[in-house]
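Counting starts at 1 for both ligands and their atoms, following the listed order. The first residue in the sequence is number 1, and the count goes up from there.
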Amino acid sequence: MLKGKHIILGVTGSIAAYKSALLCRLLVSAGAEVKVVMTPLAKQFITPLTMATLSKNPILVDFFNPENGEWNSHVKLGLWADCYLIAPATANTMAKMAEGVADNLLLTTYLSARCPVMVAPAMDCDMYAHCATQRNIERLRKDGVHFVEAEEGELASGLVGSGRMAEPQHIVDAVVKLLAEKKKRTLDGKHYLVTAGATIEAIDPVRYISNHSSGKMGYAIAEELAERGAKVTLVSGRTALDKPAGVERVDVLSAEEMYEACVARYDEVDGAVMCAAVADYTPQQVASEKIKKGEGDMSIALKRTPDIAAELGRRKRQGQLLVGFAMETQNETANAEDKLRRKNFDFIVLNSLRVEGAGFRGDTNVVSLIDSASREDLPLMTKREVAARIVDKIEKSL
Ligand code: PMT
């Protein structure tokens with residue numbers, strides 16, 4: 001239900017913090033990757049070791065690691081997340097959130113997060129009913145924060161009333177619903193081809209030529225298209241990623257295999273997004289046995305691979321959309337604009353290895369969306385957010 005989703009679980013200093021252990025386990029079981037941020041006081045109610053073990057990630061409490069000075073970037077954390085869930089949330093934390101106070105990592109992350117924020121309050125019934133708390137909840141609702149209402153029952157104080165943190169399963173259900181609602185099935189009935197990952201060009205049975213693509217950018221695009229209702233065929237070079245839910249994956253290795261897979265399917269689709277890092281050259285000969293090393297140097301003769309995107313650009317029919325990528329290290333704009341024209345792309349996504357946080361392997365990218373009439377420079381975002389912006393542009397062109 002939450003497969004591939006990134007969730008920050010914020011834990012504050014409430015007796016209900018013991019329930020966040022189960023909550024964390026349920027989120028992980030539902031497929032989410034969870035990073036836990038705790039306030040200093042929360043550590044007194046539940047140990048970081050418990051939460052680290054359950055979330056399978058180190059716990060974040062301080063702005064930096066006092067042992068080695070390593071900075072815990074709340075900005076990166078906020079960009080990474082698909083949802084920021086604060087459970088339990090005390091009256092104190094909600095008051096600070098409403099005021100924009102930023103005196104701990106949980107709060108700075110709240111101010112940096114671009115994803116939906118969900119809060120599960122927990123406190124004594126009189127504190128919960130107090131007009132100050134209700135005023136803060138109302139202000140946070142107006143700021144776009146989502147709430148899982150506190151439930152009625154016996155409280156730690158011995159009183160009975162409303163203020164118990166909602167049961168962990170109810171909170172998980174609310175997160176699933178929230179993330180599903182965020183997506184509107186605007187691409188129902190459409191079919192897209194997406195290429196992703198690195199191609200592998202064999203030299204001999206042991207060695208190959210490849211590149212650093214992890215497939216994350218292309219897989220994020222495939223996921224985004226599928227979540228908006230499109231049928232997606234993902235032609236994937238080598239990656240370590242799992243198949244995204246609801247996507248048909250065609251595994252290939254070489255540029256030649258990727259070419260065959262794409263050309264065979266292009267007629268059926270409404271568009272294609274060419275995100276794979278495809279080798280431009282491949283060995284002229286693939287040795288059938290492992291090449292033995294000799295005394296001197298050696299060289300390998302290479303030949304050009306087919307340009308898949310250019311071929312799809314030639315075959316593009318009226319109404320079909322072709323989106324390309326450009327991975328550059330110099331003269332970025334000129335090279336991207338040249339590829340836009342030469343390969344007959346409707347628009348191109350430029351990313352540069354010279355920009356920190358952009359390109360291969362990481363969870364973020366910095367891209368420009370360029371078409372023949374306009375250019376949009378996007379800031380540092382998660383690859384999921386970049387994918388959403390690319391798919392927004394695809395939707396606009398329909
Ligand atoms: O996979 P990640 O680790 O998340 O990294 C993402 C990425 C950096 C791989 C991705 O953002 C990206 O930039 N992909 C394109 C990489 C690339 O090969 O760019 P290029 O400028 O060499 O190629 C231009 C376009 O032609 C691309 O759309 C490419 O898919 C396509 N191409 C290139 C060569 C070829 N033989 N056939 C092609 O279709």
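Atom 19 (O) of ligand 1 has its closest protein heavy atom at Met327 N, 3.5 Å. Given atom 11 (O) of ligand 1, the protein heavy atom at minimum distance is Asn351 OD1, 2.6 Å. For atom 34 (C) of ligand 1, the nearest protein heavy atom (residue, atom name, distance) is Asp280 OD1, 3.3 Å. The single protein non-hydrogen atom nearest to atom 27 (C) of ligand 1 is Phe325 O, 3.1 Å, given as residue, atom name and distance. At the shortest separation from atom 31 (C) of ligand 1 among protein heavy atoms lies Ala309 CB, 3.8 Å. The protein atom (non-hydrogen) at minimum distance from atom 2 (P) of ligand 1 is Ser214 OG, 3.3 Å. Residue, atom and distance of the protein heavy atom nearest to atom 28 (O) of ligand 1 are Met274 O, 2.6 Å.
By the 6.0 Å contact criterion, CD on Glu268 is enclosed, its count of non-hydrogen atoms from other residues, nucleotides or ligands being greater than 12.
Within the 4.0 Å heavy-atom cutoff, Ala336 does not count among the residues contacting ligand 1. Ligand 1 lies within reach of Lys343, whose nearest heavy atom is under 4.0 Å from it. The shell of residues lying under 4.0 angstrom from ligand 1, judged by heavy atoms, includes Ala276. At a 4.0 Å cut-off, at least one heavy atom of Gly359 sits close enough to ligand 1 to count as contact. Using a 4.0 Å heavy-atom cutoff, Met258 is absent from the residues neighbouring ligand 1.
Considering both main-chain and side-chain atoms, Gly324 never comes within under 3.5 Å of ligand 1 through any nitrogen or oxygen pair.
Using a 4.0 Å cut-off between charged nitrogen and carboxylate oxygen, Glu248 and Lys231 do not count as a salt-bridge pair.
At a 4.0 Å heavy-atom cut-off, ligand 1 touches Pro306 through the backbone alone. Contact annotation for Ile308 and ligand 1: heavy atoms of both the backbone and the side chain come within less than 4.0 Å of the ligand.
Counting only residues at least two apart or in different chains, side-chain hydrogen bond (donor to acceptor under 3.5 Å, both in side chains) contacts with residues 121-130 comprise Asp124-Ser157, Tyr128-Glu149.
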Considering only distance and modelled atom types, tabulate donor-acceptor pairs under 3.5 Å from the side chains of residues 173-180, sequence neighbours left out.
residue	atom	partner	partner atom	Å
Asp173	OD1	Gln169	NE2	3.0
Lys177	NZ	Glu181	OE2	3.4

